[in-house]
Number of protein chains: 2
Amino acid sequence: MPIFSESLRTDVLTWLETHVPEARRHHILRVEAMARQLAADHGVDQERAAWAGVLHDLAKCFQPARLLAMARAAGLPLDPVDEANPHLLHAEVGAIVARDRFGVTDSQVLAAIANHTLGRPGMDALSCVVFLADSLEPGRGDSPQLRRLRQLSHQNLVAAVAQTCDESIRKLIDKHRLIHPRTVLTRNWFWQASRQSTLLPSAWLSA
Amino acid sequence: MPIFSESLRTDVLTWLETHVPEARRHHILRVEAMARQLAADHGVDQERAAWAGVLHDLAKCFQPARLLAMARAAGLPLDPVDEANPHLLHAEVGAIVARDRFGVTDSQVLAAIANHTLGRPGMDALSCVVFLADSLEPGRGDSPQLRRLRQLSHQNLVAAVAQTCDESIRKLIDKHRLIHPRTVLTRNWFWQASRQSTLLPSAWLSA
């Protein structure tokens, strides 16, 4: 059975009809499109990027107790911020659903799903593409800041991840919300990487 | 030998004359004064607060290699951000100097010195007082933001720590500097505590 097939895409979109609201499905399709475009810009596999885009929000509307139970059952390390805001686990749990419900075995696609909300220090270019598409797809708004980050995302994947994390942290501060430490670790890693290209192994873009 | 004596204060100030520049000594005296005032406002031991203020920057001007070597010798856990910016270790190393050079044994005073830059989740009220005095003493400037935080620090220690961390994180983002994960952990803890008073053990203020 091919992992990346049109019929499986249809299966996923049909499943999403009963698991997330219509507005979220539109977001998912916009992430798919933007991830494909960013992948093209940066020499990343476009099919994998589009796939991770389609699959990234499978667990978006799972209830907190279900997210926590699935994360615990999978042995995921839980931060106190995850326990206070189990919704943050929808990314990691989404990768579990992609694997167990849709038979996705591609480790990079699964990682990109798992990393789409908090990022991860050193995540590969495919994960960066999906992380950025989720944050910056056109439905997210049209502020000067978002326009600037979108432009940057087509030019410099590493700097765009660092600065998208910055925006995310700024918003959390403004809203008095908890900041997940992984967002900060991701942000620090990508800021350092954007200054020190030696931090990026040569295989990073093609990983 | 009394730990908190005028002659020891003189010894410390004399030692500081050859270890930190004059402007830094003025900062230290302002921290001492503000820590004493905040302690009075919040029912915290004023003598300890003043002492921690006088002692907090003993290692401020130590060279990075010396800070790293002393931290490693003491078995302190080092974050990658500490290794990239050893200057951040001056707080923890300052507590070691206070203990080894000046014979300070009071664990709360030593903790307040060690916590004055990054804070610490759940740190006690004495540590909060010194953390806030270091960030907010009059020499730090007179922006509307600082005036607001100063006012808050006299009214609500917990909220003031949370919001002072927010300001610190905002500044690091603006300057494209690394954010130490402990600043974020401290910030999250104090934001949660400011909303859920049950997080604060009854002994917290008098600890």
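Counting heavy-atom pairs closer than 4.5 Å to chain B, the top residue among A:Q163, A:H180, A:R187 is A:R187.
Enclosure of atom CD in B:Q63 is not indicated, since only 12 or fewer non-hydrogen atoms of other residues, nucleotides or ligands lie within 6.0 angstrom. Heavy-atom contacts from other residues, nucleotides or ligands closer than 6.0 Å to CZ of A:R177 number 12 or fewer. Within a 6.0 Å sphere centred on CD of B:Q155, heavy atoms belonging to other residues, nucleotides or ligands number more than 12. More than 12 heavy atoms of other residues, nucleotides or ligands sit less than 6.0 Å from atom CD of B:E17. Within 6.0 Å of CD on A:E83 lie more than 12 heavy atoms contributed by other residues, nucleotides or ligands.
Checking each of B:I169, B:L172, B:I173 against A:D166 for a side-chain contact (heavy atoms from CB on, under 4.5 Å) leaves exactly one that passes, namely B:I173. Of the residues B:L178, B:V81, B:I179, the one that meets the side-chain contact (heavy atoms from CB on, under 4.5 Å) test with A:V184 is B:I179.
Scanning both residues, B:H176 and A:R195, for their nearest heavy atoms gives O-NH1, 2.9 Å.
Residue A:A84 touches chain B through its side chain alone, counting heavy-atom pairs closer than 4.5 Å. For A:D174, the parts sitting under 4.5 Å from any heavy atom of chain B are the backbone and the side chain alike.
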